[in-house]
Every structure is written in structure tokens, then in C-alpha cells.
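Okay, so here's the structure we're looking at.
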Protein chains: 2
Amino acid sequence: MLRLTKQTDYALVLLSLIARNGASEMFTARDLARRTNIPLPMVSKILKRLGKEEILHSVRGASGGYRLARDPSEVSVAEIILTLEGPISITECSGESDTLCALECSCPVSSTLQRVNRAVIDALEGISIGDVAAPHHAASDPKPCSCTAPLIGAPGA
Amino acid sequence: MLRLTKQTDYALVLLSLIARNGASEMFTARDLARRTNIPLPMVSKILKRLGKEEILHSVRGASGGYRLARDPSEVSVAEIILTLEGPISITECSGESDTLCALECSCPVSSTLQRVNRAVIDALEGISIGDVAAPHHAASDPKPCSCTAPLIGAPGA
DNA sequence: TGCATACAGGACCAGATTGGTCCCAATTCG
DNA sequence: CGAATTGGGACCAATCTGGTCCTGTATGCA
Ligand code: FES
Ligand code: FES
């Protein structure tokens, strides 16, 4: 547990797939759905949301599609989570919201929880989509990784 | 988002309260509920679960209760999450389960996601309940922090 | 001009998860 | 014996989420 939503999970796979094929290439939702085995409406929904932010650039009309709006190395995993799930806050008291426990005391629990939260955020900000897309720095991978169709077994079990 | 369940949130508050009052003192669920404003049945449910693991030691009968089974510095936040929510895995592919994407390929996405996951786990393992309970290392806190009743505003808004 | 393609922006539903409550049995102390 | 307290469930209502679908708009091409 302590899990991202499936939508975010999908987004990481999709973005990594896009990033792997060059930042400037264009992909249609249909194409990405075929290559990842993620249901098309889902892919569409996710890309739409990413398109509204400065993560993907969308082009309408025939021969339209999506491409990365920025260099893969400049889009962090944290930012994707932020876009799809809102601010990262491990607990209600760990964020900046202060909606509850609003006793306006410098609560020791909340202060430490914020530290925990910060640590998690730092970890997620330190990894970019470029990293996710191309982790094989040391050696090129000889096996034909079928990760272009990664979630094929997901719905089943 | 990327949030723990409320139960885990509660658990952190409860354990930190216990840890703050010395590791060997005994607390009843009723007492903790009063002091935290967390509903008693909820407190009870959480403590029961923590008692089954080696986190809390429980004593039945009249004048029974709970106390920490180990030193506060030896119980990590990660362990509490593990106990209440199961293994920490950011995505389905980031854990060791391999239930899906089980194409048995060395998937670059999943390998990096595991790295992300590892980073999060490391961050959470590096913080103990003792840290959460007593973060005021540099200076003692002058304000009377009402964090013994932290979640009072939670249900409302 | 007409049409096929593709994104934009919703509404909508069913299933799963979770917060929360409650009940009853077992244990211990006075 | 009786009060207090944990143990271990079942149980329900509300929320969240994955997933689908529909209608509109923009673009390219014959
Ligand atoms: S103020 Fe949020 S836990 Fe104390
Ligand atoms: S095998 Fe899990 S994402 Fe590729």
C-alpha cells in the first residue's frame, strides 16, 4: 500500500513510453492504448489531463496527437503525481493545508510528519520521466522487453 | 494525495503520544481516545492490530492496557505502515509481487519504479516513532501544544 | 465541401476501499 | 462476583476510483 492511483501508474507508463521514443515524436491516444494494453478511454482521459498542464502538448484534428511539452529530464515523477492526484501529503497533517488540527499549535507530530512527507517528495522529485524511460545506463538491455505492453496482465489478476 | 489511510495516520498520532510519555507507561484505549479525540472504537481497532505485531504489548483485564513493546527509536514509521497497510509499493509494478506485467521481462519502467519505491521506503524507515514523538531536539517548545488532542477538527472539515 | 480522425470536456455507473460502529467472548483485578 | 479492559469479529454507509460513453470542436485530406 501507500499506493498511487492506477491512473497515475498508467500515466507513468504512458509518459515513459513517449519519452523513450524521442521527445518530439507524436502519439495518438489510440496508438498508445494499443501499445500499452491500457483501455483507450482511460488513456484518453489521462492524456487530456496531462495536456492541460505543461507536461504534454496536444494537437487536435486528423494526424493530431500528443507529444512531450518539455524535455523528459525536466519532468519529475513528483510533478506527474501532483498533476493527477494533487499535492503530495502523506497525512492530512503533513501538507500545507492546515485544514485540520488547526489548533494553530506547533504540533510536534505534524512537524515531523511534514519532514517525512518532505523526504518522500524529495525522493519523487529526484526522478524524472527520462530516468523512468531509460534506466539502462550502464548496459543496453539485450532482451526485447515487452514493456510497451506492460499492463496486459493487470485486469485479470 | 499519495496518502496513508486515516487509520495509519491515527496510529502515528497514538504511538507518538504513547512514546512521548515514556516507553513503559501503560495506556488504556479509552484513555488514548479521550486524549486524542479519536473515536474510541477506532482507537481500539488500531491498537488491537498493533498489539498483534511486536509493536505494542497488551495486557488484558481490569487495569490492563497497552504499552510499547520496544524502544520508540526502534520502531520505524515504515514498519507501522507495513503493519497496518501491508507492504509499501507505490505502484503494482514497484513491489516484489510481480503479479502483473508478469511478462517476465526486465521491464525498465518497473525497475525504475522499484527504485522510486525504494527511495520512499528508505525515507520512511529512517524515521522512528521516537523521532515523531520528540522532534524538538534543538530547543524545547515553549508553547503548550494541544497535540494530545490533535484531530479534533478532522471530522468536521 | 464533406468526411474521417483526433482531442476536449463532461456525465455517468459499478465495484472496491475505508472510516466508523457495534456486539460478544475472554481475561484480569478488586 | 462484577467491573474494566482487550480480542476478534461482523456490519454498514460514504467515499473514492477505475472505467465507459456521449457530444462538441478542431484539423487534414480527397
Ligand atoms: S496538529 Fe495535526 S497532528 Fe497535531
Ligand atoms: S512489467 Fe510492469 S510496467 Fe512493464
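Letters go in sequence order (proteins before strands), and every chain restarts at 1.
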task: Using atom CZ of B:Arg3 as one end and atom C1' of C:dG19 as the other, report the distance to the nearest whole Å.
output: 14 Å
query: A:Ser58 has a side chain; which of C:dC29, C:dA8, C:dA4 sits nearest to it?
result: C:dA8
field: Listed nucleotide nearest any side-chain atom of A:Tyr66, set C:dG20, C:dA8, D:dT6
entry: C:dA8
Between B:Glu85 and B:Thr8, a side-chain donor and acceptor under 3.5 Å: yes
- request: Send over the distance from A:Met26 CE to D:dT27 P, rounded to a whole Å.
  value: 11 Å
- prompt: How many angstroms lie between atom CD1 of A:Ile18 and atom CG of A:Asn21, to the nearest 0.5 angstrom?
  reply: 9.0 Å
message: Which nucleotide wins on minimum distance to the side chain of B:Met42, given the candidates D:dT17, D:dG24, C:dG20?
response: C:dG20
query: For B:Lys48 and C:dG20, what is the distance between atoms NZ and C1' respectively, to the nearest whole Å?
result: 12 Å
task: Verify side-chain contact (heavy atoms from CB on, under 4.5 Å) between B:Val75 and B:Leu68, making sure each step is shown before the conclusion.
output: CA-CA 9 Å; B:Val75 181; B:Leu68 286 176; 5.5 Å; no
- line: To the nearest angstrom, the CG-P distance between A:Leu40 and D:dC22 comes to 14 Å
- request: Could you pick out which residue, B:Lys45 or A:Thr28, lies toward the 5' side of DNA chain C when each is mapped onto its nearest nucleotide?
  value: A:Thr28
task: Would you indicate what A:Pro39 reaches in the nucleic acid, counting non-hydrogen atoms under 4.0 angstrom: base, sugar-phosphate, or nothing?
output: sugar-phosphate
query: Atom CG of A:Leu56 and atom CZ of A:Arg70: how far apart are they, to the nearest 0.5 Å?
result: 10.0 Å
statement: Side-chain atoms of B:Arg60 come closest, of D:dG24, D:dT6, C:dT5, to D:dT6
Between P of D:dT15 and NZ of B:Lys6, the distance in whole Å: 11 Å
message: Taking only side-chain N and O atoms of B:Arg30, does any of them lie within less than 4.0 angstrom of OP1 or OP2 on D:dT5?
response: yes
statement: d(B:Asn37 CG, B:Leu32 CG) to nearest 0.5 Å is 12.0 Å
- request: With the side chain of B:Lys52 defined as its heavy atoms from C-beta on, choose the nearest nucleotide among D:dG8, D:dG18, D:dT5.
  value: D:dG8
Whole angstrom value for the distance that separates C1' of D:dG18 from CG of A:Asn37: 17 Å
Proximal nucleotide (of D:dG7, D:dG19, C:dA6) relative to the A:Tyr10 side chain: D:dG19
- request: Measure the distance from CG on B:Asp31 to C1' on D:dA4 and round it to the nearest whole Å.
  value: 14 Å
task: Take atom CZ of B:Arg49 and atom P of C:dG19, then tell me their distance rounded to the nearest Å.
output: 10 Å
- prompt: When all nucleic acid strands are considered with a 4.0 Å heavy-atom cut-off, which category describes B:Gly51: base, sugar-phosphate, or nothing?
  reply: nothing
